[in-house]
Amino acid sequence: MLMPDPVQFWHWWALGGVLSIVEVFAPGFMFLWIGIEAGLVGCLLLIWPGLEVPGQIFAFAILSVASLIVWSRFQKVRPAKSDKPNLNRRGAQYMGQRAALQ
């Protein structure tokens with residue numbers, strides 16, 4: 001019976017690339033951070049080639065959750081600035097406006 005090849009560093013890099021491509025179609029930076037963490041696990045595997053698959057998955061999970069928590073806290077402290085903050089909130093666009101009724 002043939003045993004499958006163990007997960008290698010380039011598998012993680014490929015996953016990171018795929019997740020980065022997914023980010024293009026689903027913006028919000030969530031897939032970007034998870035893709036970066038997959039790339040970091042690939043680098044970790046280059047440094048420590050004897051790391052077993054459960055350890056790789058554990059490192060990926062911990063790094064992904066940590067990066068998403070850090071990113072969400074950063075976004076709360078420094079929200080993105082826009083010249084039209086109510087662009088997709090139609091009801092909020094009319095607040096404070098004055099109109100003449102006829």
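The analysis underlying the following values was restricted to heavy atoms, covering all of them including side chains, and did not include hydrogens, waters or symmetry mates.
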| message | Same cluster or not: Ile62 versus Leu32, using hydrophobic residues (I, L, V, M, F, W, Y) connected whenever any side-chain heavy atoms lie under 4.5 Å apart? | response | no
| request: Not counting sequence neighbours, list each pair that qualifies as a side chain to side chain donor-acceptor pair (under 3.5 Å) and has a residue in residues 48-66. | output: Trp12-Gln56
| task | To the nearest 0.5 angstrom, please state how far the CZ atom of Phe31 sits from the CD1 atom of Ile36. | result | 14.0 Å
| request: Please determine which of Leu15, Leu68, Val22 meets the side-chain contact (heavy atoms from CB on, under 4.5 Å) test together with Ile34. | output: Leu68
| task | Answer yes if Leu51 and Ile57 sit in the same cluster of Ile, Leu, Val, Met, Phe, Trp and Tyr residues linked by side chain heavy atoms under 4.5 Å apart, and no otherwise. | result | yes
| field | Common cluster, Leu46/Val7, ILVMFWY with side-chain heavy-atom separation under 4.5 Å | value | yes
| said: Let me check something: do Ile21 and Leu40 share a hydrophobic cluster, defined by ILVMFWY side-chain heavy atoms less than 4.5 Å apart, either directly or through other members? | reply: no
| request: Answer yes if Leu63 and Val65 sit in the same cluster of Ile, Leu, Val, Met, Phe, Trp and Tyr residues linked by side chain heavy atoms under 4.5 Å apart, and no otherwise. | output: no
| request: Would you indicate whether Phe60, at its atom CZ, is surrounded by more than 12 heavy atoms from other residues, nucleotides or ligands within a distance under 6.0 Å? | output: yes
| Qualifying side chain to side chain donor-acceptor pair (under 3.5 Å) pairs, either residue in residues 14-35, two or more places apart | none
| request: Return the minimal non-hydrogen interatomic distance between Leu44 and Ala59, and the atom names on each side. | output: CD2-CB, 4.1 Å
| task | Only counting residues at least two apart or in another chain, list the ones meeting side-chain hydrogen bond (donor to acceptor under 3.5 Å, both in side chains) with Gln8. | result | Trp10
